[in-house]
Amino acid sequence: MADNLPTEFDVVIIGTGLPESILAAACSRSGQRVLHVDSRSYYGGNWASFSFSGLLSWLKEYQQNSDDSEERTAAWQDLIHETEEAITLRKKDATIQHIEVFCYANQDLDDNVEEIGALQKNPSSVASSTLTEPLDSACVPKESHLCNTNYEMPAKDTPKSDKGVSLEVNDVEEILEKENDCGDKTFHTVLDGGKDESKPMVEDNTDQPKKNRVTYSQIVKEGRRFNIDLVSKLLFSQGLLIDLLIKSNVSRYAEFKNVTRILAFREGKVEQVPCSRADVFNSKELTMVEKRMLMKFLTFCIDYEQHPDEYQAFTQCSFSEYLKTKKLTPNLQHFVLHSIAMTSQSSCTTLDGLKATKNFLQCLGRFGNTPFLFPLYGQGEIPQCFCRMCAVFGGIYCLRHKVQCLVVDKDSGRCKAVIDHFGQRINAKYFIVEDSYLSEETCSNVQYKQISRAVLITDQSILKTDSDQQISILIVPPAEPESCAIRVTELCSSTMTCMKDTYLVHLTCPSSKTAREDLEESVVKKLFTPYDETEIDKEGLTKPRLLWALYYNMRDSSEIGRSSYNGLPSNVYICSGPDCGLGNEHAVKQAETLFREIFPDEEFCPPPPNPEDIIFDGDDKQSEAPGTNNIVMAKVESTEEIKNLENPGKHL
C-alpha cells in the first residue's frame, strides 16, 4: 500500500517523535488529511523505546547507516518541473554519536539461547530483529562518527578485576552461540570514529560464578521484558503533557506509575529526600530544627510572588547563594537545590530556583507522594499514543518510508510536494519535518548542543528498602563548580521496562565530552561496582553490581530557531529532537505553537466526541434527527477503534 498512496493531503509530517506525533493528532482531530511518515522501522525517533534485542538492532542500524543519495538522484529529478527546485533531505540519521557498550555480566551463553517469545526473523520488526549481516566499515560514512564494531578491553579506566576479551561479533545470534566456557568476562563495544589501538586480551577466570546472579544469557532470554528509552524523561503531575493527555483523552491509551521516592547524593551516601509534609516530619535525616526551617521555607516558596521583598535584592544572585541567606543548614540547602528545585548550582538564578521549587510543590499530591509520573513500558509509549489518536481520526501512517526531497515553487517560495523513495510525488499544503531529516546544507549555520546519556542494567537498587519495587530519581551534584549535575532515574521491573531482579538506570546530563567521559567517573564508578568486583563501601553495604552499560551522545536541537536554517520555505515547519530537561514541556509547547501558527482558528487537541455522536462518513442510512447536533468524524477505517472509544480502560 505504501507505493500507492493518495497524492493529495493537507499536512505531511516527516518523523514520529513526540512533538510531531502531538501535531499529527491535533491536525487529524481538526479534520485535516494527514500523512505521517518515518524512514525508521519504529515509532518515536529519538523518543523511542526498545526491547533488549531491539536496542542491539538499533545499534547495528547506526553502524550500517549509509548515504545512498547518488543511487536515487535520477529517480526523482525527472519529477521536478522547470519552475521548481528541490531541497534534498538527509538519508541517514546523524543525531547519535560516540556509542560504547559494556557487558559485565557472566558470558555463560548456552547454545541456541533465544529470546522468550521472539518472533521469526523479520528485519522490519524492531522487537525481534537480529543483526544478521557482517560488519563492513567501508559502508559507514565518516559523518556518522561510527566505525566497525570492536569488542575490546575497556583499557585503563576499567577496574583491574575486570576480565576483558576481544571479540568479533556480527550479530545477536553470534553472541548467543558463543561457547559456554566464557566465564567472567567483560566485553566492550565501541561504535565511534577513532582508531582502535587496543590489542586482543584474554584472561581466563576459573572462579565459579555465584548462584542467583543475573547472567547475560538471562538478559537475552528475557529481552522482551526490557523497554529501554533512548531519552530519559518523567511527567510532572501538573505539567503540560499530563494536561494535554487528559484534555485530549489520549490518556486512555497509556498507564502510569507514580515515582515513589526522591533521592539525594551527599558525602558519598545516597539518602531519601522528604518532600511531603508527612515525609518531612517522619524523616530521620533531619533534626527537629531543620524540619521547621524546611517547612517554613517551602511554605514561602508556594506563594513567593506575593512576597517580592523576600527575594528582589537577590535576583542577580545564583539560587545557591540565595539559599545561604535564608539561614538554611548545608543539609537543607543541598536537599532544596538538588532534589527539590533540581537545578544546577552555578547557572540557576534565584527566580528560576524559586519557580522550580514552586512547580515541584504544586505537583505534589495530585497522583501520589512525589510530583512525577512514569509511563508503563517506557517513554516511547507517549508518541505512539498520539499517533493512535491521529489514526483514529483518519491519519495515514507509513514506517520505513523515506522522503527524498521537498519540491519548492520558485515563484512563490512555498513547498508544494514531497517525493518519496518510490518516486511518488505527494502534494500538500503544509509540511512538518523533524530536524534530523534536514540536510547538512540546510543546517550549515546551526550550532547544536549535545546530551550525554547512559543506560545501565543493575542487579539491585542504589538505595535498598523493604520494597524492591521503587521508582527513584536522583540528582548527583557536579564534582567541579562549572560542571553540570547528572540526573539518575532508576526503574524497577513493575514499570515494565526491565526483567525481574534487575533495575534499569538512566543517566542524563548536558555534554562537555563524550558520554562515557562525562558519566563514568563522576557517577557510575561512585554508585555501582562491576559485576565481578566485591568492593564494599564504608558502611559495609555492597554497591549495586553493574551488569551491562551503554553510553552515547544525543544531539539537542531544542534551542535552534527557525532563522538558523538555510532556505526553508514558509510552509515548512521544523520540530526539534529531545531536550535535556526532565519534563516534556518543551515538546508540548513547540507542538502547540506550531499548530496555532498553521491553523490559528482551530482548537488544539480538543476532547474527542462521545461515541454516540459519531456518524460514519458515507453512512447514507443514518439520518440526523431534527434538533440534534451530531459530530461528523473523519473516516474511521474499522469499528475496533470505536469500541476502544466506548471502553477507554484505565485513566490517569
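Predicted model, so just to flag it, every value in this text is computed and none were measured.
Annotation for Lys589: atom NZ does not count as buried by contact number, only 12 or fewer foreign heavy atoms lying within 6.0 Å. In Tyr448, the OH atom is crowded: over 12 heavy atoms of neighbouring residues, nucleotides or ligands sit closer than 6.0 Å. No more than 12 heavy atoms of other residues, nucleotides or ligands shown are found within 6.0 angstrom of CD on Glu559. Within a 6.0 Å radius of CD in Gln469, more than 12 heavy atoms belonging to other residues, nucleotides or ligands are found. Lys416 NZ: more than 12 foreign heavy atoms inside a 6.0 Å radius. Few gaps surround NZ on Lys358; more than 12 heavy atoms of other groups in view lie less than 6.0 Å from it.
Taken from CD1 in Ile262 to OG1 in Thr370, the straight-line distance is 5.0 Å, to the nearest 0.5 Å. Considering CD of Glu520 and OH of Tyr551, their distance stands at 4.5 Å, rounded to 0.5 Å. A distance of 6.5 Å separates CG of Leu361 from CD1 of Ile340, quoted to the nearest 0.5 Å. A distance of 10.0 Å separates OG1 of Thr88 from CD of Glu440, quoted to the nearest 0.5 Å. The line from CG of Leu234 to NE2 of His506 is 9.5 Å long, rounded to the nearest 0.5 Å. Separation of atoms CG (Leu35) and CD1 (Ile13) is listed at 9.0 Å; rounding is to 0.5 Å.
Judged by distance alone, the side chains of Glu434 and Ser436 do bring a donor and an acceptor atom under 3.5 Å apart. Inspection of the Gln470 and Ser461 side chains reveals no N or O donor paired with an N or O acceptor under 3.5 Å. Side-chain atoms of Thr16 and Asp38 form a donor-acceptor pair, as typed in the model, at a separation below 3.5 Å. Under 3.5 Å, the side chains of Asn445 and Asn566 contain a donor-acceptor pair of N or O atoms. Using modelled atom types, one finds no donor on one side chain facing an acceptor on the other under 3.5 Å when comparing Asp229 with Ser232. Gln450 and Arg555 share no donor-acceptor pair across their side chains, judged by distance under 3.5 Å alone. No hydrogens or angles considered: nothing links the side chains of Thr343 and Asp352 as a donor-acceptor pair under 3.5 Å. Side chains of Asp518 and Ser452: a donor-acceptor N/O pair is present below 3.5 angstrom, by distance only.
The shortest side-chain heavy-atom distance between Val433 and Tyr573 does not fall under the 4.5 Å cut-off. For the pair Ile432/Cys575, a side-chain contact is recorded, criterion being any heavy-atom separation below 4.5 Å from C-beta on. Lys92 places a side-chain heavy atom less than 4.5 Å from the side chain of Arg90. Using a 4.5 Å heavy-atom cutoff, the side chains of Ile475 and Val488 are not in contact. Side-chain contact between Cys405 and Ile87: absent, with no pair of heavy atoms (C-beta onward) separated by less than 4.5 Å. For the pair Asp10/Val34, no side-chain contact is recorded, criterion being any heavy-atom separation below 4.5 Å from C-beta on. Between Val407 and Val418 there is no side-chain heavy-atom pair separated by less than 4.5 Å. Considering only heavy atoms from C-beta on, Tyr503 stays 4.5 Å or farther from Ser493 through its side chain.
The shortest non-hydrogen separation linking Arg414 to Lys429 is NH2-O, 3.7 Å. Phe595 and Glu603 make their closest contact through CE2-O, 3.5 Å (heavy atoms, listed as atom of the first residue, atom of the second, distance). Listed here is the closest heavy atom pair of Thr349 and Phe319: O-CB, 3.5 Å. Residue Ala591 comes nearest to Leu23 through the heavy atom pair O-CD2, 3.2 Å, listed as atom of the first residue, atom of the second, then distance. Residues Ser320 and Leu337 come closest through the heavy atom pair CB-CD2, 4.0 Å. Annotation for Ile471 and Lys257: closest pair CD1-CB, 3.9 Å, computed over non-hydrogen atoms.
For Phe386 and Tyr253, the ring centers are positioned 6.0 Å apart or more. Ring pair Phe372/Phe236: centre-to-centre distance below 6.0 Å.
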Original post:
What's the verdict on side-chain contact (heavy atoms from CB on, under 4.5 Å) for Ser512 and Glu517, showing C-alpha distance, side-chain angles and the deciding distance?
Top reply: CA-CA 9 Å; Ser512 58; Glu517 291 172 326; over 6 Å; no
**OP:** Verify side-chain contact (heavy atoms from CB on, under 4.5 Å) between Val403 and Phe431, making sure each step is shown before the conclusion.
**Re:** CA-CA 12 Å; Val403 175; Phe431 302 84; over 6 Å; no
**OP:** Report the C-alpha distance between Asp435 and Tyr565 in whole Å, list the side-chain angles of each, state the deciding distance to 0.1 Å, and finish with yes or no for side-chain contact (heavy atoms from CB on, under 4.5 Å).
**Re:** CA-CA 10 Å; Asp435 171 89; Tyr565 300 106; 2.5 Å; yes
**OP:** Show your reasoning for whether side-chain contact (heavy atoms from CB on, under 4.5 Å) applies to Asn584 and Trp47.
**Re:** CA-CA 11 Å; Asn584 299 274; Trp47 305 79; 3.5 Å; yes
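A salt bridge does not link Lys402 to Asp93: none of the charged side-chain nitrogens sits closer than 4.0 Å to a carboxylate oxygen. Arg261 has a carboxylate O that lies under 4.0 Å from a charged side-chain N of Glu490, or vice versa, which qualifies the two as a salt bridge. Here Glu381 does not pair with Arg388 in a salt bridge; the nearest charged N to carboxylate O distance is not below 4.0 Å.
Using cut-offs of 30° and 60° on the angle between ring planes, the pair Tyr552 and Trp58 is perpendicular. Between Phe226 and Phe52, the ring planes are tilted. Angles from 30° to 60° get that label.
Here the side chain of Thr442 pairs no donor or acceptor atom with the backbone of Leu438 at under 3.5 angstrom. No donor-acceptor pair under 3.5 Å is formed between the side chain of Lys91 and the backbone N or O of Tyr437. Checking side-chain atoms of Arg487 against main-chain N and O of Cys580 turns up a donor-acceptor pair under 3.5 Å. Side-chain atoms of Ser51 do not come within 3.5 Å of backbone N or O of Arg224 as any donor-acceptor pair. A donor-acceptor pair is defined here as one N or O able to donate and one able to accept, closer than 3.5 Å; such a pair exists between the side chain of His586 and the backbone of Ser558. Counting only distance, with no hydrogens or angles, the side chain of Thr502 and the backbone of Cys498 share no donor-acceptor pair below 3.5 Å. Judged purely by atom type and a 3.5 angstrom limit, Ser248 uses its side chain to pair as donor or acceptor with the backbone of Leu244. Side chain of Gln97 to main chain of Asn553: no donor-acceptor pair is present (N/O by atom type, distance under 3.5 Å, no hydrogens or angles). For the pair Thr350 (side chain) and Thr315 (backbone), a donor-acceptor distance under 3.5 Å is absent. The backbone N or O of Leu230 sits less than 3.5 Å from a side-chain atom of Arg453, completing a donor-acceptor pair.
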